[in-house]
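Encoded as structure tokens, the structure appears first; notes follow it.
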Amino acid sequence: MAVDTMTNSAKVDKYNHHDYYVIDELLSEDHLLARDAVRSWVKQEVTPIIEAYSEKAECPKHLFKGLAEIGAYGPSLPEEYGGGGMDEIAYGVIMQELERGDSGIRSMASVQGSLVMYPIYRFASEDQKRKYLPKLGSGEYIGCFGLTEPDHGSNPAGMVTNIKDDGDAYILNGAKMWITNSPVADLAVVWAKDEEGAIRGMVVESSWEGFSAPEIHGKLSLRASITGELVFDNVRVPKENVFPEIKGLKGPLSCLSKARYGIAWGAIGAALDCYDSALRYSQERIQFDKPIGQFQLTQKKLAEMITEITKAQLLAWRLGSLANEGKASPAQISMAKRNNVAMALDIAREARQIHGGMGITNEYPCMRHMMNLETVLTYEGTHDIHLLITGYDVTGLNAFY
Ligand code: TGC
Ligand code: FAD
């Protein structure tokens, strides 16, 4: 067996990245091009401003158009419907690079692409696709996804938001909670029960009478992403806006599978940003006349970080390959979302420790990523819900209720 004796630290100096198992070799030229383009966009457009927006708890709305320009909305949806026409691994590496910048920026793209464009592409009539998808793909319209309710988070099947038949339209009533982008959205993909109790999906425009989307304030996490409620007070939804075929929870859950897949990749980006910062700091910060990176306890942290990142990268890459073959199961996606987000949160905490007191300031990204990742651990299915999905998958026994 031939052995490459160049140390990783020398490779990092040479290539300026932390690709410990040379996963780049598993990526195609298109994947690398997409990844590098998004990486440099993030460096240019996100990194210089993100701490300030996060501190002000303000969404950098001007980035919605830029995200469209770099193809971050629906990278794996067909081009004729406003997507990027790429594969699932390209979608994954794009999410990774966005979340290296900030989980809130990745959220902007996840919601628009996977939770708004994807259900319209998959479930809406051809007319509705033509009407909404190009404008969403170009960032002219901003969308949001309303599933969670004040009293139904982990258990969306219990939702009470409802539609009633009224001739050529349905009348929509109810409320949704914790909705990313809702206060700035032009339209919402909303899930509500019909008179038979079946969950139906629909596109609801924010300009319609009876629609409101108050902002939720006081978030200590995902502060650069705007979050709100959705309130429907007798909103008249034309029948053509209701997805014709899909009924039941598998409609919204299949959108979640798409978005959770992207998060499994995205979390790696946040972890890499923290690891990168901690590694650099450990080489520069001198205590007891030595760089702190020379102490075994610091090395343990860094060695475990890169080990966990590498395992997460391999999990994401394999999941991406399965997804490309149409073989990634919802439970496999849950495992990767759960593992990779928890991995990133652990790394953010360890990286923060390596920075000592400086780690709690906004001069370094670890604390912001850590706070963001508390949301990422919770949304799109909590850490424990994903564990129960895996438990159900391996035992065949349902422990949800
Ligand atoms: P259950 O009986 O298991 O399933 C109902 C039907 O759905 C099918 N299914 C799925 N299909 C596609 N993808 C998935 N991931 C699926 N999971 C289940 C299932 O086969 C069944 O189909 P059928 O044909 O038999 O009807 O449903 P349940 O009521 O027992 O619920 C199971 C549970 C708890 C796992 C599910 O409710 C769940 O995942 N809860 C978590 C809720 C959640 O993740 N909410 C996320 C809201 S959106 C969000 O957070 C966006 S954040 C955006 C951002 O800013 O990035
Ligand atoms: P709950 O469901 O009340 O859970 C509370 C705790 O109980 C959790 O620890 C959970 O794991 C545990 N728990 C619940 N059920 C069980 C069980 N059966 N067994 C064991 N433990 C259990 N939703 C949308 O629809 N669209 C969005 O765009 C969106 N964006 C979001 C943005 C942010 C910033 C946040 C914070 C949330 C967002 N959400 C969105 C909502 C998110 O999906 C929910 O917060 C999440 O699904 C959990 O629901 P919950 O907050 O009601 O918690």
Side-chain angles (χ1 to χ4, degrees), residues 57 59 95 98-99 102-116 118-119 122 142-159 161 175-185 188-192 198-199 201 213 215-230 246-264 266-267 323 328-338 341 371-393 396 398-401:
C59 172
M95 294 300 120
L98 292 178
E99 198 147 356
D102 190 79
S103 302
I105 306 300
R106 198 266 308 134
S107 272
M108 288 158 83
S110 292
V111 170
Q112 183 89 346
S114 299
L115 297 180
V116 178
Y118 175 72
R122 177 103 187 262
I142 297 169
C144 67
F145 176 87
L147 179 65
T148 306
E149 297 189 352
D151 295 328
H152 301 95
S154 296
N155 178 25
M159 70 174 66
T161 298
K176 299 286 175 181
M177 181 76 178
W178 295 117
I179 308 303
T180 300
N181 293 344
S182 74
V184 295
V189 167
V190 177
W191 301 92
I199 294 173
E215 185 174 350
I216 295 173
H217 294 283
K219 277 168 35 231
L220 300 178
S221 170
L222 220 69
R223 286 167 65 81
S225 163
I226 188 162
T227 315
E229 299 170 46
L230 286 171
I246 187 77
K247 285 189 183 177
L249 201 55
K250 64 176 177 285
L253 288 180
S254 60
C255 309
L256 294 183
S257 284
K258 190 94 179 151
R260 290 166 177 174
Y261 167 83
I263 293 173
S329 73
Q332 286 169 329
I333 293 170
S334 282
M335 181 188 281
K337 189 268 184 187
R338 178 175 186 274
V341 175
M371 295 194 301
N372 284 342
L373 288 162
E374 290 291 344
T375 286
V376 184
L377 197 78
T378 294
Y379 70 22
E380 300 270 7
T382 69
H383 188 65
D384 285 346
I385 288 294
H386 288 295
L387 175 114
L388 295 178
I389 291 172
T390 307
Y392 186 14
D393 200 48
N398 181 344
F400 295 111
Y401 34 79

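This chain uses plain numbering: 1 for the first residue, then up along the sequence. Just so you know, these numbers come straight off a predicted model, no measurement behind them. Counting starts at 1 for both ligands and their atoms, in listed order.
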Among all the protein's non-hydrogen atoms, which is closest to [atom], and how far away is it?
atom                    : result
atom 1 (P) of ligand 2  : Ser154 OG, 3.7 Å
atom 32 (C) of ligand 2 : Thr180 OG1, 3.3 Å
atom 11 (O) of ligand 2 : Thr382 OG1, 2.7 Å
atom 49 (O) of ligand 2 : Gly153 CA, 3.3 Å
atom 24 (C) of ligand 2 : Thr148 OG1, 3.3 Å
atom 39 (N) of ligand 2 : Trp178 O, 3.1 Å
atom 21 (N) of ligand 2 : Asp384 CB, 4.6 Å
atom 45 (O) of ligand 2 : Thr378 CG2, 3.9 Å

Report the part of [X] (side chain from C-beta onward, or backbone N, CA, C, O) that has a heavy atom under 4.0 Å from ligand 1; answer both or neither where that applies.
X      : result
Phe145 : side chain
Thr382 : neither
Ile263 : neither
Ser257 : side chain

Give the atoms of ligand 1, by number and element, whose distance to some non-hydrogen atom of [X] is under 4.0 Å.
X      : answer
Phe400 : 34 (C), 35 (C)
Gly153 : 42 (C)
Thr148 : 47 (C)
Leu256 : 43 (C), 44 (O), 45 (N), 46 (C), 48 (S)
Arg106 : 56 (O)
Ser107 : 54 (C), 55 (O), 56 (O)
Ile389 : 35 (C)
Ala157 : 29 (O)

I'd like to know if [atom] has any protein heavy atom within a distance of less than 4.0 Å.
atom                    : value
atom 5 (C) of ligand 2  : no
atom 25 (O) of ligand 1 : no
atom 29 (O) of ligand 1 : yes
atom 19 (C) of ligand 1 : no

Under a 4.0 Å heavy-atom limit, does [X] contact ligand 2 with its side chain, its backbone, both, or neither?
X      : value
Leu388 : side chain
His383 : neither
Thr375 : side chain

Can you tell me if CE on Met177 sees more than 12 non-hydrogen neighbours from other groups inside 6.0 Å?
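Yes, the 6.0 Å shell around CE holds more than 12 heavy atoms from other groups.
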
Got an N/O contact under 3.5 Å between Phe400 and ligand 2?
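Yes.
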
N or O contact, Ile179 vs ligand 2, cut-off under 3.5 Å
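No; the residue has no nitrogen or oxygen that sits under 3.5 Å from a nitrogen or oxygen of the ligand.
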
How close do Ala188 and Leu230 get, counting heavy atoms only, and between which atoms?
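Shortest heavy-atom contact: CB-CD1, 4.1 Å.
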
For Tyr379 and Thr148, which I'm curious about, is there any donor-acceptor pair between the side chains at under 3.5 Å?
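There is no such pair between these side chains.
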
Any donor-acceptor pair under 3.5 Å linking the side-chain atoms of Glu215 with those of Thr227?
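Note: Thr227 and Glu215 side chains miss the donor-acceptor criterion.
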
Contact (N/O only, under 3.5 Å) between Thr180 and ligand 1
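N/O-N/O distance under 3.5 Å: yes.
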
For ligand 2, which atoms have a heavy atom of [X] less than 4.0 angstrom away?
X      : result
Glu380 : 43 (O)
Tyr379 : 31 (C), 32 (C), 33 (C), 37 (C), 38 (C), 42 (C), 43 (O)
Leu147 : 25 (O)
Phe145 : 24 (C), 25 (O), 26 (N), 27 (C), 28 (O)

Given side chains that start at C-beta, do those of Val189 and Cys144 come closer than 4.5 Å, heavy atoms only?
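A side-chain contact under 4.5 Å is absent here.
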
So how far is it from Ser334 OG to Leu388 CG, rounded to the nearest 0.5 Å?
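Spacing of OG (Ser334) from CG (Leu388) equals 10.0 Å.
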
Out of Leu147, Thr378, Leu253, whose heavy atom sits nearest atom 4 (O) of ligand 1?
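Going through Leu147, Thr378, Leu253 one by one, Leu253 has the nearest heavy atom to atom 4 (O) of ligand 1.
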
Could you tell me whether the side chain of Ser221 and the main chain of Met371 form a donor-acceptor pair under 3.5 Å?
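Answer holds: yes.
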
